[in-house]
Amino acid sequence: MLAGAVLALVPATRAQSKRPGWGSTPYHDAQGTGVTFRVWAPNATSVYVPNQSNSWSTTATRLTQELTNGVADGIWSADVSPAFPGEQYKYYINYSGGSVWKHDPRARKVVSSSTGSGGNDIIYDPTAFNWGADNLAPPALNDLVVYELHIGTFYAPHSGVSGLFTDATNRLAYLQALGVSAIELMPIAEFPGSSSWGYNPADPYAADNYAYGGPDGLKALVKAAHARGIAVFLDVVHNHYGPTDLDLWDFDGWSGGGNGGGIYFYQDTTLCCTPYGSRPDYSRQPVRDYIQQNFQMWLDECHVDGFRWDTPGLMMNAGSTFIPDAATLISAITGMVSSNYPGKLNIAEDVMGYGFDSTWDTTFYTYVTPQLAPTNDSSRDVGAISYALTNNTRFNVAAGLSRVAFLESHDIVGDLNNGVRLVTAIDSTTPSGYRARKLSTLGAALTFTAPGVPMVFQGQDMLENQQFSSTRPVDWTKTNTYSRIVQLYHDLVYLRRNLDGYTPGLKGDQCSVLRFDNVNKFLAWQRWQSGSTNSTVVIANFAGVTRSGYNVVFPQAGTWYVHFNSDSTNYSTDFGNIGSTVVNASGTLITGSVTVGPYSALVLSQVPPQPQLTATQSSGSSIISWPLTYAAWALQSTPTPAGSSSQWATVSPAQYQTNATAVYFQASPTSGPAFYRLRRP
């Protein structure tokens, strides 16, 4: 033994991981249990994982730089057997000029987005959630009615505290009863603080935990929505990140040139910046992978049904400079979703093409709302309304399912934009008054019967007049105060989706104006599916007086039945209940005489209304009967009338009996309530 020999103790070097997965990925296999850590940090000299198990040591748990064909590729990884789900951790990165603590860019759960002490990441097992039999088929575009909502304010039962994913889950029954086929969640990626619109993502892979309840809360919401027949779309932000609590900035210590920002961001001052934060560097393949795999994570792990992309136009355009790498990336992602996830949808905010299924018509409201707002009818321009009806106003092309039409959104009614609710735009003094109710519901009727995907924003259906704010919860008492308006929106949703079988034309791809009269402020239009003669006709009176005996050209001769009248007293006790119920169209021009109440709309088709069911008691059981002329119709039952169409069970025709005038069915006594309805064959 040599005198004076020095014994050096160094941490054991772990081999690079051979297991898949980025960020922190728990494993349990024949070789043992633990967590695989993997991170991209090409400018690091070493990477460690301080965590609760190693007492936050910056030298105990070291990752190894991976080699591709013997060459280091900037990726660091290791399998760490002491680590476990639920444990907190962070990355400690050494580089040539120093060292930094950083959030895991792929963390699925964080304590908070804070970059300081305590703002840690949490090891999360993405496979642990019990999805059960979750298997909702996303709605087709022509069956899509979207309800945009903000998790923090949609339902916030505790004063001064943001709503959680679980709170929103508790209001799904309302949305199911309303009839919408999808909800669109404003961005839910981890953001700084406890309240935000969500368009300032700090941790793009993490479902917000600090304010909303984390990934399990999101998954529970999606699962519950699916069980009620409601699809879930995420609003996603990849045109910028931050600008605050942004550990992606100078991630591995290298800032780059120009504007800085490091490996995740453009340094070129021409491309680097947006009005909202720094633009990711779409020219770097690891950044492209980071963004595309983010979409895959939401689809695979959270079962979402599609996306609303926040300003993809801002991804592709830096002022007058077009960014081809962004365009290529967008097309790759939409193509991946279309090819690998059938039925899942991509909706853009501000561009058409690039594989998007539909795009927000962000100027639709600028054509319609100003024509609903004037006090004097003479100031309304029905021509502007007609144009918005038949055209995608944002892109000046024919309207169709490639556009999402709406009169309210977070941008239109939000406080950050000094927004105004529709009823307030119509009557700022009395936003719940007669004129505001009549004209706002007339606008809703236009939105739901125009070509395109209709969308409403939270509270619109209950006559909300307050600006949207990330700190102002929806006032759910208004569902009682304005329950009749809620019923009107329900009826419009059902008409648009043809859930009662009366208005198949509203799901069609065609639209034409039947009557345009700017003097009398009158507009009529036809909706139908190519190749079909089963049309739906909509007649709208934008004047404050009744139009009686007004001749309208109809697409086919015969009897036309009114299935919706916005002037019905079902929707407000002070409405006039004025309007035709049946119109007979005939003659060379096939015209019919129509009566329409003030500021009202009628929706008609040639499908006769549902016959009346009659229930009588006999020998302890109920006899359900309906007219013999409807013998081909199907009787359905459910224990609750608020259920979706999937909860209605068809009574076997073998149980029907007939007499000279009626079809009847003898219902056996049940332990609970039973409700019945008829459906067209």
Side-chain angles (χ1 to χ4, degrees), residues 145-164 167-180 183-186 195 197 228 230 365 369 372-373 406-415 419-445 447-448 454-494 564 566-575 599 641-642:
V145 174
V146 180
Y147 193 100
E148 185 188 12
L149 64 87
H150 175 260
I151 291 295
T153 59
F154 178 60
Y155 179 48
H158 307 294
S159 178
V161 180
S162 292
L164 304 172
D167 295 323
T169 302
N170 291 332
R171 280 291 185 260
L172 289 174
Y174 170 83
L175 296 175
Q176 179 186 20
L178 195 64
V180 299
I183 55 176
E184 179 185 298
L185 308 183
M186 289 176 65
S195 65
W197 284 20
R228 293 182 178 275
I230 301 172
Y365 83 102
T369 300
L372 301 175
F406 50 89
L407 295 179
E408 289 195 356
S409 71
H410 65 273
D411 279 326
I412 295 171
V413 305
D415 56 356
V420 177
R421 289 280 187 167
L422 178 59
V423 290
T424 304
I426 294 168
D427 189 341
S428 60
T429 303
T430 315
S432 62
Y434 172 84
R435 193 168 64 87
R437 281 181 282 115
K438 288 294 295 183
L439 285 162
S440 67
T441 54
L442 180 56
T447 305
F448 277 91
M455 184 182 82
V456 296
F457 184 70
Q458 63 177 38
Q460 181 181 350
D461 45 307
M462 55 190 84
L463 217 67
E464 180 58 73
N465 66 295
Q466 295 291 315
Q467 276 184 335
F468 161 65
S469 168
S470 64
T471 59
R472 180 184 293 118
V474 168
D475 181 0
W476 281 89
T477 65
K478 291 180 178 178
T479 60
N480 293 322
T481 306
Y482 304 112
S483 60
R484 292 173 184 251
I485 299 298
V486 173
Q487 182 64 45
L488 179 143
Y489 274 86
H490 164 277
D491 292 352
L492 285 173
V493 172
Y494 269 58
F564 172 84
S566 66
D567 196 45
S568 169
T569 50
N570 289 335
Y571 306 135
S572 184
T573 56
D574 61 352
F575 287 2
Y599 301 139

TODO: May I ask you to decide if E184's main-chain N or O and E148's side chain share a donor-acceptor pair within less than 3.5 Å?
DONE: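 Checked: no pair found.
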
Open item on the list: Strictly distance-based, threshold 3.5 Å: is any side-chain N or O of R472 a donor or acceptor partner for the main-chain N or O of T153?
Closed with: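 Checked: no pair found.
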
Compare every heavy atom of [Y] with every heavy atom of [X], then report the nearest pair and how far apart it is.
X	Y	answer
P431	V423	O-CB, 3.3 Å
V420	A425	CG1-N, 3.5 Å
S195	S470	CB-O, 3.7 Å
I183	I230	N-CG2, 3.8 Å
S432	Y482	CB-OH, 3.1 Å

Could you give the distance from [atom1] ([X]) to [atom2] ([Y]), rounded to the nearest 0.5 Å?
X	Y	atom1	atom2	answer
L422	N465	CG	CG	11.5 Å
R437	S566	CZ	OG	12.0 Å
T369	R421	OG1	CZ	12.5 Å
L407	T447	CG	OG1	3.5 Å
D567	N570	CG	CG	11.0 Å
T569	F575	OG1	CZ	10.0 Å

Task: Identified ring pair (Phe, Tyr, Trp, His ring centres under 6.0 Å) partner of Y571 from the options Y434, Y489, F564 - done: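 Exactly one candidate clears the test, F564.
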
Between [X] and [Y], is any pair of side-chain heavy atoms under 4.5 Å apart?
X	Y	answer
W197	D411	yes
F406	I412	yes
E408	Y365	no
H490	D461	no
E464	F457	no
T477	N480	no
I151	L149	yes
T573	R484	yes

Open item on the list: Are Y174 and F154, when compared by the centres of their aromatic rings, separated by less than 6.0 Å?
Closed with: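 No: the rings miss the under 6.0 Å criterion.
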
Task: Flag for Q458-H150: side-chain donor and acceptor within less than 3.5 Å - done: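 No - no donor-acceptor pair under 3.5 Å links their side chains.
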
